[in-house]
Amino acid sequence: LENLLKYSDNIDVYTRLAEIKKINKIRFAEYIKGTTNISVNIDSIFDVQAKRLHEYKRQLLNALHILYLYEMLKENPNMPFQPRTFIFSAKAAPGYHMAKRIIRLICCIANEVNRDKIIGDKLKAVFLEDYRVTLAEIMMPAAEISEQISLAGTEASGTGNMKLMINGAITLGTLDGANVEISEAVGDDNILIFGLRANEVEAMKQNGYYPSNYYNNPIISRLIERLISGISGVSFEDIASSLIGQNGRGDPYMVLADFDSYRQIQEEAALRYSNPNRWNKMSLINIASAGRFSSDKAISEYSNWIWKIDKLNDIK
Ligand SMILES: *Cc1c(COP(=O)(O)O)cnc(C)c1O
């Protein structure tokens with residue numbers, strides 16, 4: 001894979017790469033249409049967050065940001081805007097009530113945004129049921145942004161991040177789990193990092209984290225009000241309360257603390273996407289740097305260093 005790096009300044013190569021991505025986007029758009037009846041804009045950024053639904057993985061941060069973009073576009077429909085499609089897929093554990101509420105929220109946001117004629121093709125949100133390998137097989141080749149936004153210090157490694165990287169998606173994430181290794185492999189210019197670092201999260205917990213410190217941010221207070229007043233006819237007062245909390249127990253995964261940083265890196269992502277040559281080059285560098293996550297390499301290192309066993313074909 002590293003041999004691909006030789007072509008990192010060859011416009012023909014990464015233009016061809018972009019053509020392949022487009023074919024994969026068309027195939028995936030057909031799947032979306034077939035399963036949800038939502039028509040997505042092929043020329044929009046395909047921004048994917050696919051993983052188990054858990055509060056620490058922060059699908060809620062992504063959902064609140066879509067709500068923010070929606071409110072902005074409604075206020076100013078003619079503002080310059082890079083069209084985007086946010087795609088979620090996730091299962092919630094059967095007894096995990098809050099996870100199911102977050103799925104409900106994503107579906108309500110999608111319902112309201114997708115049928116808004118003023119917004120049109122600029123912004124779409126999709127929730128795909130039944131996340132499984134068969135779905136990942138057509139979703140990951142079509143992805144352009146890989147959402148890896150868990151609170152720093154909570155994700156042991158992650159493997160979805162690697163699957164998306166080798167398919168040329170750009171990681172938009174926190175310095176958590178294997179995102180740290182991805183960032184070392186591709187360099188700061190080829191990844192979109194935001195948010196609190198693990199040591200900063202620890203320090204904040206030590207000093208007491210008060211989500212109320214973020215309400216004076218008018219964007220955040222408006223989003224909380226929006227959750228309470230309701231989306232697509234459903235109130236999400238319970239999710240708002242979990243963020244606000246009481247007795248210093250709100251927002252355990254620091255969604256509000258990282259919101260502004262997330263909003264800014266999403267803006268940067270849109271800016272970079274507007275320059276296809278730059279974007280396609282980043283994509284090529286990500287594919288070329290993904291070899292370190294090869295499962296053959298991992299097994300061979302375990303064999304040599306941990307298990308101290310020989311390869312079968314080495315046994316005479
Ligand atoms: C890769 C994968 C996961 C793990 O995703 P993470 O982003 O690492 O949490 C879970 N479910 C399916 C179906 C996958 O393909």
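Worth knowing before you read on, the calculation uses all heavy atoms, side chains too, and leaves out hydrogens, waters and symmetry mates.
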Within a strict 4.5 Å, meaning less than it, do heavy atoms of the [X] and [Y] side chains meet?
X: Arg27; Y: Asn24; value: yes
X: Asp116; Y: Glu112; value: no
X: Tyr31; Y: Lys33; value: no

Practice task
Hey, could you give me the CG/CG distance between Leu256 and Leu61, rounded to the nearest 0.5 Å?
Solution key: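 One finds 9.0 Å between CG of Leu256 and CG of Leu61.
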
Exercise for the section: Any chance you could measure Ile109, atom CD1, to Leu67, atom CG, to the nearest 0.5 Å? Expected result: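 It comes to 5.0 Å.
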
Practice task
Could you walk me through whether Gln148 and Lys51 pass side chain to side chain donor-acceptor pair (under 3.5 Å), step by step?
Solution key: CA-CA 9 Å; Gln148 305 300 333; Lys51 47 187 71 257; 2.7 Å; yes

Please say yes or no: joined through hydrophobic side-chain contacts below 4.5 Å, possibly via intermediate residues, are [X] and [Y] part of one cluster?
X: Leu151; Y: Tyr56; value: yes
X: Leu135; Y: Ile38; value: yes
X: Ile166; Y: Val133; value: no
X: Leu284; Y: Trp279; value: no

Hey, are [Y] and [X] close enough side-chain-wise for a donor-acceptor pair under 3.5 Å?
X: Tyr7; Y: Asp12; answer: no
X: Gln266; Y: Glu147; answer: yes
X: Tyr209; Y: Asp251; answer: yes
X: Arg58; Y: Gln49; answer: no

Heavy-atom closest pair, residues [X] and [Y]:
X: Ala143; Y: Val48; result: CB-CG2, 3.7 Å
X: Ser146; Y: Asn161; result: OG-CA, 4.3 Å
X: Ala90; Y: Phe127; result: O-CZ, 3.4 Å
X: Ser232; Y: Cys108; result: CB-O, 3.5 Å
X: Leu123; Y: Ile66; result: CD2-O, 4.1 Å
X: Arg101; Y: Phe236; result: NH2-CD2, 3.3 Å

Practice task
Only counting residues at least two apart or in another chain, list the ones meeting salt bridge (Lys or Arg N to Asp or Glu O under 4.0 Å) with Glu55.
Solution key: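 For Glu55, no residue satisfies salt bridge (Lys or Arg N to Asp or Glu O under 4.0 Å) once neighbours in sequence are set aside.
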
Problem - For Lys124, all residues meeting salt bridge (Lys or Arg N to Asp or Glu O under 4.0 Å), sequence neighbours excluded - result: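 Scan of Lys124 (salt bridge (Lys or Arg N to Asp or Glu O under 4.0 Å), adjacent residues dropped) gives Asp121.
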
Handout entry: Flag if over 12 foreign heavy atoms under 6.0 Å of CD1, Ile306
Key =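 Atom CD1 in Ile306 is crowded, with more than 12 foreign heavy atoms closer than 6.0 Å.
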
Practice task
Answer yes if the ring centres of Tyr262 and Phe194 are under 6.0 angstrom apart, and no otherwise.
Solution key: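 Between Tyr262 and Phe194, the centre distance is under 6.0 Å.
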
Problem - Donor-acceptor contact below 3.5 Å, side chain Asn114 vs main chain Ala125 - result: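 Yes, the answer is positive, given that a donor and an acceptor are paired below the 3.5 Å cut-off.
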
Exercise for the section: Classify the ring geometry between Phe28 and Phe46 as parallel (under 30°), tilted (30 to 60°) or perpendicular (over 60°). Expected result: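 Rings of Phe28 and Phe46: perpendicular, as their planes differ by over 60°.
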
Problem - Lys21 and Glu144 ion-paired at < 4.0 Å - result: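 Between Glu144 and Lys21 there is no salt bridge, as every charged N stays at least 4.0 Å from the carboxylate O atoms.
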
Exercise for the section: May I ask you to say whether Arg292 pairs ionically with Glu181, meaning some side-chain N is under 4.0 Å from a carboxylate O? Expected result: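 No, no charged N to carboxylate O under 4.0 Å.
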
